[in-house]
Visitor: 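Please see the structure below; I have some questions.
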Amino acid sequence: MSTDNKVINESGIEIKTLYTAEDIEQSGGIDQSRSGEAPFTRGIHAEMYRKRPFTMRQYTGFANAAETNERFLYLIANGQTGLNVAFDLATQCGYDSDAPEAFGEVGRVGMAVDTLKDFEIAFDGIDLEKITVSLTVNGTAAILIAMYLAIAEKRGYDLAKLRGTAQNDILKEFIGRGTWIFPVEPSVKLVADTIEYCAENVPKYSPVSVCGYHIRESGATPAEEMGYAFCIAKAYTDRALERGMDIDSFAGRLSYNFNIFGNLFEQVAKFRAGRRHWARIILDQYGAKDPKSGWLRMIAGGGGFGLTIEQPENNIMRGAYYALVGALSGAQTMALCCYDEAYTIPTPKAQRLSLRTMQLLTEEIGLADTVDPLGGSYYVETLTNEMEDKIVEAMDWVESQGGIIKAVSEGVIQAKVSEHAFQRQKDLESGAYRKVGVNCYVDESNEQPDVELHPYDEDGDRLQREALQQVRSDRNQAEVDLCLETLRSDAQAGRNVMNALVSAVKAYASVGEMTSVLIDVYGHYDEPIRF
Amino acid sequence: MTTKKIKVLIAKPGLDGHDVGAKVVVRAMMEAGFETIYSGLRRTPEAITQQARDEGVDVIGLSILSGSHKPLCEKMRQLSIQGGLEDKLWIVGGNIPEDDRQYLQQLGFLGVFPTEARLNNIIEFIREHAS
């Protein structure tokens, strides 16, 4: 964004016309460590993409388990190397498909999951030891992780070897996207339960993916995105440590999800600075001994806010530039929003295009040839140092508000992010924030975009409810009741509820039933409305 | 002529948690001088109808980005007629495909604002139709 002749990036750093070695020195110098060496500015692995290119993991899931399974198999056949599961809102908010609250939402924005039966269908024919699965769910994450572990166990996989990720970052849900269920404190307690349980039973599983992504979508700057995400990750870390866990037993399994839309150099510097700062937090502040504990492992992707309804084909090019950001930044995993995503659930063709965009980078364009190709650039190194300062500034602000849990509980951080979003919209409308096809190079012909809408299956809702009824009549109700009672007593006693959840899902208790028990004990979140 | 402040309720029905747009619209309406109430997330159509009646609002604006605008708007209109709110100005915004806009207008949502709508247009529309 430029004011007069000044160029100021979104994080608030003034950009000079020319950078020299002097700028690097004045901003703090170059981190001389190699990739794979703390503090990992250049990459968490020594060889990065030379050894293994980023995992390509498009976000997928719709209607019911059978259709989702079909799309998974399609993507795997096209060379996708990870699965990223989308759930419908009823599943994400803890309602069964036949609950009145689920009205109109079943299978709408992702796969409907009521019981373990749905998981059995969705992952049929997919080798969970070969492909890693990411469960994009938060409020009910503990339940869905339990389902994933249950299905792995039933198929005879060795849990010690099982990999995968759950989003499970509830604090960011209070800031953006809003699929919270319980009040803030018990919500964080549940996250700590999953961290503790996984460290003990599924050591290679990443139980949390802390999301700067949604905070950025909600209006935060790139520096705030990373700073707030670190505050959130520290809150989960503190809870795990309070249980007497050793930092090195879980910190290496914490992962991140960051956004890639915006100015290319600002994003690359954000990731380099973020990698360095997170390593300092974990290794220096928390005193972790294992360097791997300080790895900022991340999925970088999406870019949803950067995409536009206007001239949707432009989103294909935006996606390509965003993918370039991800690859230049050393992301371990990448997922791109599809060009039609502003309109609809992506078609198979749109998903394949996103996949090909990422494959082009490694196969044709040379992004997998060497580590951190922008390292040493006067501009990027200076900006990396300056972005780290901005990240620290964002974290200090949260501390000045009494810490992340207080700031979220009181709605202070939501109000700040929302104010940014309002300003961003005003800048978009005034033309100060440039968007091609929106406020410049606007197409006056009013040509309707050629986007094929994914139809909503009206009948799918009924079929899902019937399938749930069938499971309810087939299962051993006495066993379900017993499992739910154990869940209740464990929750009431403040114990880790994961064992009880795993038993309950194996007995085919439903997402809604388990959530109801937890709401009875923990209560329901009361959203602070603050402007 | 006495100028009474236009009173608006911006509400989020259903389970959709995307509230960036709704909050931006609330801020714009506050700045435009409307008395503006925000429902918060995940309100049932019944709760929204009740709040609209209790607060005596002139305008009810729904924000829906999950794609469930058709069933939710149908239900809201049905309740609004039962609740004697059908003469209020009803508007809806969100991820609404071109093909559904006319249908929602026929249902009684006079203003239908897709995500690319401009704040000024929404404000102007309310000024024109709510007084």
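Atom set for the values below is all heavy atoms of this structure, side chains included, hydrogens, waters and symmetry mates excluded. By convention in this document, chain letters (A, B, ...) are assigned in the order of the sequence lines, proteins followed by strands, and residues within each chain are numbered from 1.
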Visitor: Quick one: which of B:S39, B:S66, B:G40 has the most heavy-atom pairs under 4.5 Å with chain A, could you say?
Guide: B:S66

Visitor: Charged N to carboxylate O under 4.0 angstrom, A:E527 versus B:K12?
Guide: no

Visitor: If we ignore hydrogens and angles and just use 3.5 Å, is the side chain of B:R42 paired with the main-chain N or O of A:W180 as donor and acceptor?
Guide: yes

Visitor: When only heavy atoms count and the cut-off is under 4.5 Å, which of residues 102-111 of chain A reach chain B?
Guide: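 Residues in range: A:A102, A:F103, A:G104, A:E105, A:R108, A:V109.
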
Visitor: For A:V417, is it the side chain, the backbone, both or neither that has a heavy atom under 4.5 Å from a heavy atom of chain B?
Guide: neither

Visitor: Pick one of side chain, backbone, both or neither for B:V26, based on which atoms fall under 4.5 Å of a heavy atom in chain A.
Guide: side chain

Visitor: Check the pair B:R27, A:F531 against side-chain contact (heavy atoms from CB on, under 4.5 Å), reporting the backbone distance first and the verdict last.
Guide: CA-CA 8 Å; B:R27 285 287 285 106; A:F531 284 94; 3.8 Å; yes

Visitor: Nearest 0.5 Å, please: how far is CG in B:N95 from CD1 in A:I309?
Guide: 6.0 Å

Visitor: Nearest 0.5 Å, please: how far is CG in A:D88 from CG in B:L15?
Guide: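 Between atom CG of B:L15 and atom CG of A:D88 there are 8.5 Å.
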
Visitor: Please look at B:T115 and chain A and tell me whether the side chain, the backbone, both or neither of the residue comes under 4.5 angstrom of a heavy atom of that chain.
Guide: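 The side chain, not the backbone.
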
Visitor: Sort A:E419 into side chain, backbone, both or neither according to what part of it lies under 4.5 angstrom from a heavy atom of chain B.
Guide: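 Only the side chain of A:E419 comes within 4.5 Å of chain B.
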
Visitor: In terms of heavy-atom contacts, does CD of B:Q82 have more than 12 from other residues, nucleotides or ligands at under 6.0 Å?
Guide: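 Enclosed.
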
Visitor: Can you tell me which of B:L41, B:V20, B:N120 forms the most heavy-atom pairs within a distance under 4.5 Å of chain A?
Guide: B:L41

Visitor: Let's test your reading of the structure: which of A:K426, A:Q92, A:Q414, A:R424 forms the most heavy-atom pairs below 4.5 Å with chain B?
Guide: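 Highest number of pairs under 4.5 Å: A:K426.
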
Visitor: If you measure from CG on B:D19 to CD1 on A:I175, what distance do you get to the nearest 0.5 Å?
Guide: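 Reported value, rounded in 0.5 Å steps: 11.5 Å.
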
Visitor: Go through the atoms of B:K70 and report whether side chain, backbone, both or neither lie under 4.5 Å from a heavy atom of chain A.
Guide: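 Interface part for B:K70: neither.
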
Visitor: Around atom CG of A:D526, are there more than 12 heavy atoms of other residues, nucleotides or ligands at under 6.0 Å?
Guide: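 No, the 6.0 Å shell around CG holds no more than 12 heavy atoms from other groups.
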
Visitor: Under a 3.5 Å distance rule, please check whether A:Q425 uses its side chain to pair with a backbone N or O of B:V24 as donor and acceptor.
Guide: no

Visitor: Go through B:R118, B:M30, B:E31 and name the one with the most non-hydrogen pairs under 4.5 angstrom from chain A.
Guide: B:R118

